[in-house]
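Residue numbers begin at 1 in each chain, while the letters A, B, ... track the order of the sequences.
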Amino acid sequence: MTATTVTAAAPLAGVDRDTFHLIEQDGHDGGHSSPVLLGFWIYLMSDALLFAALFATYGVLSTSYAGGPAPRDIFELPLVAINTAILLVSSITYGFSMLAMEEGRTKTVLLWLAVTALLGISFVSVELFEFSKLIAEGATPQRSGFLSGFFTLVGTHGLHVTVGIVWIGLMMVQIGQKGLNRINKRRLLCLSMFWHFLDVVWIGVFTFVYLLGMMR
Amino acid sequence: MSAGTDPELHAHGDEHGHGSRKSYLLGFALSAVLTLIPFWLVMTRPGVGATAIVLIVILLAIVQILVHTVSFLHVTTTGEGGWTLLAYTFTGVLLLITIIGSLWIMYHLNSNMMPGMGATSEANSTL
């Protein structure tokens with residue numbers, strides 16, 4: 001342990017970010033490979049708890065219509081089905097980009113990232129269209145507890161997707177400039193987790209908000 | 001898995017990262033089916049009871065989350081030395097406590113404290 005610390009500390013003065021993970025290279029404790037990836041995973045889990053709080057809030061408020069519209073009156077399942085399909089396809093296109101990264105094919109990575117970003121933009125566009133339609137019908141966030149919870153939960157997810165799209169754009173610039181170096185690969189892995197995590201959250205949204213809402 | 005054999009490949013070795021084309025396609029196919037069924041059930045309401053539909057939809061969502069976790073997020077017992085799985089399980093427990101706990105508390109609060117009901121024990125005894 002001491003030996004590891006010493007060898008890692010020695011080049012610290014001239015450390016560039018590629019050697020930052022030197023300490024992890026001895027492959028101790030069975031494949032715990034990068035503190036960045038694990039740390040990012042922990043961040044995602046804390047984000048999951050944030051969503052848990054929003055799901056709980058929505059669950060508590062979901063029948064407080066205050067005389068306003070109920071889910072059955074305002075939700076359009078075909079629109080939700082389209083959005084679900086878009087997000088699901090974007091998950092596999094991101095997966096293809098990761099496979100291309102493994103094979104070191106920079107152009108293919110960029111192509112699949114672009115496709116993923118376009119799908120993400122379509123998703124957000126459909127969602128904004130849905131929101132504007134609801135608001136035009138008078139189903140605004142202020143109308144009832146149910147609608148407050150709905151807009152907060154679905155809007156937070158949409159905001160995450162928007163951040164993901166910006167991140168994909170930044171990664172495309174980074175890869176265009178620096179290529180598939182180790183840092184960019186690590187960032188792409190973090191972004192991969194982020195993107196797939198959002199798809200998992202969407203499963204909860206389309207199930208508990210839309211599908212079960214229509215069953216009420 | 002070849003992690004640890006080549007220092008250059010170490011950090012993002014097979015065990016964390018990417019899965020294979022096959023695992024991605026399999027996960028995608030499963031997810032598509034697990035999405036189509038609940039939408040079809042709710043939109044067409046074939047001759048099944050509403051309670052049955054609700055239960056099936058919830059069950060399929062749980063299965064789909066697990067499919068995504070394994071084939072897209074690559075959470076396995078060996079990934080990152082098991083730490084991702086540990087954090088995932090821990091988060092899952094907190095998530096269930098938060099959601100089910102909130103619904104449970106608020107359900108009883110709503111049932112017992114409706115306006116005009118007062119705090120009389122007769123009103124509550126129906127529960």
Side chain, backbone, both or neither of [X] within contact of chain B (heavy atoms, under 4.5 Å):
{"X": "A:L88", "value": "both"}
{"X": "A:F206", "value": "side chain"}
{"X": "A:V89", "value": "both"}
{"X": "A:L77", "value": "both"}
{"X": "A:Y210", "value": "neither"}
{"X": "A:Y94", "value": "neither"}

For residues 27-36 of chain B, tabulate all N or O donor-acceptor pairs below 3.5 Å that involve a side-chain atom, not counting sequence neighbours.
unit_1 : atom_1 : unit_2 : atom_2 : d
B:S31  : OG     : B:G27  : O      : 2.7
B:S31  : OG     : B:H68  : NE2    : 3.2
B:T35  : OG1    : B:S31  : O      : 2.7
B:T35  : OG1    : B:Q64  : OE1    : 3.4
B:T35  : OG1    : B:Q64  : NE2    : 3.1

About how many Å separate [atom2] of [Y] and [atom1] of [X], when rounded to the nearest 0.5 Å?
{"X": "A:L37", "Y": "B:T84", "atom1": "CG", "atom2": "OG1", "result": "10.0 Å"}
{"X": "B:I56", "Y": "A:L211", "atom1": "CD1", "atom2": "CG", "result": "12.5 Å"}
{"X": "B:M106", "Y": "A:S62", "atom1": "CE", "atom2": "OG", "result": "11.0 Å"}
{"X": "B:R21", "Y": "A:E102", "atom1": "CZ", "atom2": "CD", "result": "9.5 Å"}
{"X": "B:I53", "Y": "A:M214", "atom1": "CD1", "atom2": "CE", "result": "12.0 Å"}

Taking all heavy atoms of [X] and all of [Y], pick out the closest pair and write down the distance.
{"X": "B:S102", "Y": "A:V60", "answer": "O-CG2, 3.9 Å"}
{"X": "A:A56", "Y": "B:I99", "answer": "CB-CA, 4.0 Å"}
{"X": "A:G59", "Y": "B:L103", "answer": "C-CD2, 3.3 Å"}
{"X": "A:M45", "Y": "B:T91", "answer": "CB-OG1, 3.2 Å"}
{"X": "B:L25", "Y": "A:I92", "answer": "CD2-CD1, 3.7 Å"}
{"X": "A:F197", "Y": "B:L73", "answer": "N-CD2, 4.0 Å"}

Residue pairs, two or more places apart or on separate chains, that pass salt bridge (Lys or Arg N to Asp or Glu O under 4.0 Å) and touch residues 73-84 of chain A: A:E76-A:K133
4.5 Å side-chain heavy-atom contact, A:F55 and B:T98: no
Pairwise side-chain contact, A:P78 with B:M43, heavy-atom cut-off 4.5 Å (strictly under): yes
Per-residue contacts, residues 103-113 of chain A versus chain B, heavy atoms under 4.5 Å: A:E103, A:R105
Residue list, ring-ring contact (aromatic ring centres under 6.0 Å, His included) with A:F51, at least two apart or on another chain: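 ring-ring contact (aromatic ring centres under 6.0 Å, His included) check on A:F51 returns A:H160.
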Part of B:V67 within contact of chain A (heavy atom distance under 4.5 Å): neither
B:Y88, part contacting chain A, at a heavy-atom distance under 4.5 Å: both
Parallel, tilted or perpendicular: rings of A:H196 and B:F72 (30°, 60°):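 Geometry flag for A:H196 against B:F72: parallel rings.
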Chain A contacts, top residue of B:I97, B:I65, B:I100 (heavy-atom pairs, under 4.5 Å): B:I65
Residue pair B:F39, A:T84: steps toward the side chain to side chain contact (heavy atoms under 4.5 Å, CB included) verdict: CA-CA 10 Å; B:F39 270 94; A:T84 305; 3.7 Å; yes
Heavy-atom pair count under 4.5 Å with chain B, highest-scoring of A:T207, A:L212, A:I203: A:I203
